[in-house]
**Student:** 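Before we start, here is the structure in question, set down as structure tokens.
A, B, ... follow the sequence lines: proteins, then strands. Residue 1 opens every chain.
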Amino acid sequence: MPELPEVEVVRRGLARWVIGATFEGVEVLHPRPVRRHEAGIDDFVSRLEGVTVVDAVRRGKFLWLNLDSGEALLAHLGMSGQMLLEEPDAPDEKHLRVRLGLAGAQGRELRFVDQRMFGGLAVVEMVPTPDGGPGGLGGTPADVVPTEEPRDDGVIEGTYEAGEALIPAPVAHIARDALDPALDVDLLAARFKRRETGLKRALLDQTLISGIGNIYADEALWRAKLHYARPTEKLNRPTLNRVLAHAQDVMREALAQGGTSFDSLYVDVNGQSGYFERGLDAYGREGEACHRCGSRMRRETFMNRSSFFCPKCQPKPREGRF
DNA sequence: ACTTCAACCTGATAGC
DNA sequence: TGCTATCAGGTTGAAG
């Protein structure tokens with residue numbers, strides 16, 4: 001299940017292979033992964049044909065290729081999405097959804113493969129962002145600014161000139177991610193204080209801080225010895241700093257290992273599986289001994305998903321927000 | 001305006 | 001064997 005480190009591995013792979021390459025022969029094999037491209041499949045294809053990739057950028061779990069047309073090919077891997085660079089004559093994957101032929105990518109074609117199809121692709125416009133650009137680890141800000149006034153809906157048409165960063169319109173509401181050097185922790189603390197919700201809910205809310213999913217949230221909470229239902233408004237600043245630092249640590253470790261994988265659903269851009277699962281202390285360890293105190297780890301259903309925690313190290317708060 | 005949650009989707013696995 | 005139920009979970013959009 002791709003979270004920030006896995007998506008960053010994919011971004012790096014794409015940057016290595018497709019920057020400077022031109023789309024040539026784009027084929028949509030299943031309509032669902034292109035559902036976010038509202039103008040339809042034919043428009044999706046025509047906005048890519050003959051267009052050249054300028055950069056590969058990521059914010060949280062969103063990934064996009066800046067195009068020389070001024071638009072971006074936006075991708076989200078959802079639960080099971082993969083971006084594979086294959087020889088064109090390699091047999092089609094069972095769940096191949098979109099084939100993107102390329103000129104200038106060392107003879108490879110880009111394939112979007114997605115079993116469960118929670119993810120998808122869309123060609124979207126770039127808009128200015130109030131927080132100063134895409135940021136994110138390894139991301140290069142798009143170095144342009146609009147020359148026309150925004151429409152009523154805030155979207156800016158027309159040409160752009162150098163000066164200010166842009167972000168794909170559907171990503172404008174996503175907060176800077178946990179590994180973004182420009183993440184504003186003071187702002188995050190203020191928003192946590194104002195919220196009436198539980199800590200894990202907040203960590204998973206991509207409009208507060210992005211990139212953290214169910215697995216790394218559980219790992220960060222275990223390392224910080226905090227229960228998932230701790231109310232965010234009562235969390236003091238050192239405690240917030242602690243859980244944030246642990247989230248960053250665990251994701252940096254996963255990134256160093258090339259991403260996490262539990263089954264074969266996630267592979268990086270060249271088809272290599274990650275292997276961080278060996279380093280997990282909380283996720284998936286129901287009934288096993290806590291690596292710190294030996295207590296039996298527990299699993300609780302929460303937010304339509306599982307939360308794994310140590311009942312002794314991460315005691316339930318008196319007034320939790322579940 | 002803020003917070004919560006069902007729906008989307010397929011395949012693996014468990015239980016009968 | 002075959003059937004049904006359950007689980008996996010990121011994001012959106014609707015409901016509360």
**Student:** Scan nucleotides 2-5 of chain B against the protein and return all N/O pairs shorter than 3.5 Å with their distances rounded to 0.1 Å.
**Tutor:**
| unit_1 | atom_1 | unit_2 | atom_2 | d |
| --- | --- | --- | --- | --- |
| B/dT3 | OP1 | A/Glu196 | N | 2.8 |
| B/dT3 | OP2 | A/Arg195 | NE | 2.9 |
| B/dT4 | OP2 | A/Thr197 | OG1 | 2.9 |
| B/dC5 | OP2 | A/Arg201 | NH2 | 3.0 |

**Student:** Looking at A/Asp92 and A/Arg99, is any side-chain nitrogen of the basic one under 4.0 Å from a carboxylate oxygen of the acidic one?
**Tutor:**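 So A/Arg99 pairs with A/Asp92 through a salt bridge.
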
**Student:** Listing request: all ring-ring contact (aromatic ring centres under 6.0 Å, His included) pairs with a residue in residues 67-104 of chain A, at least two apart in sequence or in separate chains.
**Tutor:**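 Checked against ring-ring contact (aromatic ring centres under 6.0 Å, His included) - neighbours excluded - the pairs reaching residues 67-104 of chain A are A/Phe62-A/His76.
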
**Student:** Would you mind building the protein contact string for nucleotides 11-16 of chain C? One character per nucleotide, 5' to 3', B for base within reach (heavy atoms under 4.0 Å), S for sugar-phosphate only, - for untouched.
**Tutor:** BSS---

**Student:** Using side-chain contact (heavy atoms from CB on, under 4.5 Å) as the criterion, list what pairs up with A/Gln206, not counting sequence neighbours.
**Tutor:**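 Residues passing side-chain contact (heavy atoms from CB on, under 4.5 Å) with A/Gln206: A/Lys61, A/Ile174, A/Ser210.
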
**Student:** Please identify each residue that fulfils ring pair (Phe, Tyr, Trp, His ring centres under 6.0 Å) with A/Phe308, with sequence neighbours left out.
**Tutor:**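 Applying ring pair (Phe, Tyr, Trp, His ring centres under 6.0 Å) to A/Phe308 gives A/Tyr283.
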
**Student:** Restricting to side-chain contact (heavy atoms from CB on, under 4.5 Å), what partner residues turn up for A/Gln314, sequence neighbours left out?
**Tutor:**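 In terms of side-chain contact (heavy atoms from CB on, under 4.5 Å), with neighbours along the sequence ignored, A/Gln314 is linked to A/Leu221, A/Trp222, A/Phe309, A/Cys310.
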
**Student:** With sequence neighbours excluded, what pairs up with A/Arg35 under the salt bridge (charged side-chain N to carboxylate O under 4.0 Å, His left out) test?
**Tutor:**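 Counting only residues at least two positions away or on another chain, A/Arg35 forms no salt bridge (charged side-chain N to carboxylate O under 4.0 Å, His left out).
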
**Student:** Apply salt bridge (charged side-chain N to carboxylate O under 4.0 Å, His left out) to A/Glu49 and list each qualifying residue two or more places apart in sequence or on a separate chain.
**Tutor:**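 Listed in chain order: nothing, the list is empty.
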
**Student:** Not counting sequence neighbours, which residues clear side-chain contact (heavy atoms from CB on, under 4.5 Å) with A/Arg191? List them please.
**Tutor:**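 side-chain contact (heavy atoms from CB on, under 4.5 Å) check on A/Arg191 returns A/Leu187, A/Arg194, A/Thr207, A/Leu208.
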
**Student:** If we fit an axis to the first five pairs and another to the last five of the helix from B/dC2-C/dG16 to B/dC16-C/dG2, what angle do they make, to the nearest 10°?
**Tutor:**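 End-to-end axis angle for the helix from B/dC2-C/dG16 to B/dC16-C/dG2: 60°, rounded to 10°.
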
**Student:** Only counting residues at least two apart or in another chain, list the ones meeting ring pair (Phe, Tyr, Trp, His ring centres under 6.0 Å) with A/Phe44.
**Tutor:**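 Testing A/Phe44 for ring pair (Phe, Tyr, Trp, His ring centres under 6.0 Å), a comparison that skips the adjacent residues, returns A/His37.
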
**Student:** Measure from CE on A/Met117 to C1' on B/dC9 and round the result to the nearest Å.
**Tutor:**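 Rounded to the whole Å, the gap is 6 Å.
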
**Student:** Mind listing the residues from residues 226-236 of chain A sitting with a heavy atom below 4.0 Å of DNA chain B? Number order is fine.
**Tutor:**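 Per residue number, the list is empty: none.
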
